[in-house]
Amino acid sequence: MGEMNLRRLRRTPLLRSLVRETTLSPDDLVMPYFVRHGKGVRAPIRSMPGQFQLSVDELVKDIRTLRVPAVILFGIPKRKDARGSEGYARDGIVQQAVRALKSETDKLVITDVCMCEYTDHGHCGIVRGETVDNAATLPFLARIAESHVEAGADMVGPSAMMDRQVAAIRAALPDTPILAYAAKFASAFYGPFRDAAESPPKFGDRSTYQMDPGNADEAMREIDLDLREGADIIMVKPALAYLDVVRRAKERFGCPTAAYNVSGEYAMVRAAGERGWIDGKKAVLEILTSIRRAGSDFILTYSAREVAEWIS
Ligand code: PBG
């Protein structure tokens, strides 16, 4: 019997790449963008070095040289109000951006469907007293999604974590692919995003609608419900602290599965990389590989632009 020797295939880079089980491709990445009103705006986001709030003209310019095929858009409105009315306005910032991108680039355009960036209280739905009213929020989410699709969006991503939000959107949009933020946890790792999108809640937190970090069985129930309501792709968010949930979801449902490598995950690696405490580039590639290895088909990540440049 030959000697057990697993090092034989590690000897050279060519051998290692020949037998590599999990690889990264630009086709598996989605780049998130924050779009705001104005012209010529490219405003750095303090807690996410390398990321910017962009006006529509700058967004188009940036995406023209982007080497990943898909983007997801988040909007920063001119004005916030109790019902987040810019969220579903025909000339809202995301709607304008979608129109420009669909006419001037060939990218797949996904939109985030939520209310927190647009409401003055910063919660993801309609607030009554101190609580977020699930039933009252659903028609708004459907309306936001419809306005995105009317502008030309290829796919919508409801992220508000209201019960039955996928059903409400599916009823309004029978033919639109839905990327469901199915298992979205109430996470500290969204901190930098709230800076970027100017969307922190003014009171309380999101733990009455986003999931408790300890719950993986419940994540399976959330995903199951979203699929029954008509989701096409399910997503786990954040990614890194929830790789077990990604793995279980993929094994159990066998459906297209995404993971969101969120703002705080990006910021941590970036911060340590800038201090020279870790090799930032290697860490990003290792993390994205691990998220794919856990079972996700594709990854939403702020590193998408640079990773596509490194690997293509
Ligand atoms: C909107 C939304 C959030 C994120 C994506 N969509 C913020 C939140 O739920 O507070 C977070 C993304 C990130 O941290 O990168 N509800």
Side-chain angles (χ1 to χ4, degrees), residues 29-35 45-53 71-77 80 84 86-88 93-94 110-119 121-127 132 134 137-138 140-141 144-145 148 155-163 165-166 169 178-213 222 233-242 258-271 284 287-288 291 299-305:
L29 305 176
V30 177
M31 178 72 194
Y33 281 96
F34 300 97
V35 57
I45 298 164
R46 188 185 56 86
S47 51
M48 300 174 73
Q51 306 296 317
F52 302 84
Q53 295 177 337
V71 302
I72 183 163
L73 302 179
F74 298 93
I76 299 133
K80 302 188 189 233
E86 193 182 314
Y88 48 86
I93 187 61
V94 163
I110 308 170
T111 57
D112 182 84
V113 175
C114 194
M115 297 182 70
C116 61
E117 297 114 88
Y118 304 94
T119 52
H121 45 69
H123 279 288
C124 301
I126 296 294
V127 166
V132 176
N134 200 94
T137 302
L138 296 178
F140 284 92
L141 295 174
I144 295 167
H148 292 172
M155 187 183 298
V156 292
S159 70
M161 284 301 280
M162 295 298 116
D163 284 328
Q165 62 183 9
V166 173
I169 292 170
I178 296 178
L179 165 64
Y181 286 69
K184 177 172 175 180
F185 291 86
S187 174
F189 294 106
Y190 306 151
F193 174 95
R194 292 174 189 172
D195 245 21
E198 302 176 6
S199 64
K202 295 272 152 31
F203 62 88
D205 58 25
R206 304 205 201 292
S207 49
T208 66
Y209 41 104
Q210 298 181 349
M211 291 184 59
D212 189 279
E222 280 282 3
I233 303 173
I234 55 110
M235 182 151 68
V236 175
K237 177 185 171 191
L240 210 42
Y242 300 89
Y260 201 141
N261 176 220
V262 300
S263 57
E265 301 174 62
Y266 172 84
M268 283 194 299
V269 174
R270 199 78 196 195
V284 164
I287 285 170
L288 295 180
I291 299 170
I299 306 167
L300 284 66
T301 176
Y302 301 95
S303 305
R305 167 181 265 286

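Remember, it's 1-based here, ligands and their atoms both numbered in the order they're listed. Because the structure is a prediction, the values reported are computed rather than measured.
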Does any N/O atom on K184 come nearer than 3.5 Å to any N/O atom on ligand 1?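 It does: an N or O of K184 is found under 3.5 Å from an N or O of ligand 1.
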Looking only at protein heavy atoms, which one is nearest to [atom], and what is the separation?
atom                    : result
atom 12 (C) of ligand 1 : F193 CD1, 3.3 Å
atom 14 (O) of ligand 1 : S263 OG, 2.7 Å
atom 4 (C) of ligand 1  : K237 NZ, 2.6 Å

Does any part of the side chain of [Y], heavy atoms only, come nearer than 4.5 Å to the side chain of [X], both counted from C-beta?
X    : Y    : value
P192 : Q51  : no
M155 : I233 : yes
C124 : R206 : yes
Q165 : T137 : no

Which is it for [X] and ligand 1 at heavy atoms under 4.0 Å: side chain, backbone, both or neither?
X    : value
Y302 : side chain
S159 : both
C124 : side chain
C116 : side chain

So is Q210 in contact with ligand 1, going by heavy-atom distances below 4.0 Å?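 Within the 4.0 Å threshold, so yes.
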Cation-pi check, K184 onto Y190 ring (under 6.0 Å, within 45° of axis):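 Judged by the rule (NZ or CZ under 6.0 Å from the ring centre, within 45° of its axis), K184 counts as positioned above Y190.
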Please list, in number order, the atoms of ligand 1 under 4.0 Å from a heavy atom of Y260.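 So the answer, numbered in order with elements, is 12 (C), 15 (O).
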Which of the numbered atoms in ligand 1 are under 4.0 angstrom from any heavy atom belonging to F74?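 Listed by number with element, the hits are 5 (C), 6 (N).
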Would you say F34 has more than 12 foreign heavy atoms packed within less than 6.0 Å of its CZ?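 Check passes, neighbour count above 12.
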Assess the residue pair D112 and Y181 against the criterion (side-chain hydrogen bond (donor to acceptor under 3.5 Å, both in side chains)); give the C-alpha distance rounded to whole Å, side-chain angles, the decisive distance to 0.1 Å, and a yes or no. CA-CA 9 Å; D112 182 84; Y181 286 69; 2.7 Å; yes
Hey, what's the ring geometry for F185 with Y242, parallel, tilted or perpendicular (30° and 60° as the breaks)?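 Taking Y242 first and then F185, their aromatic rings lie parallel (interplane angle under 30°).
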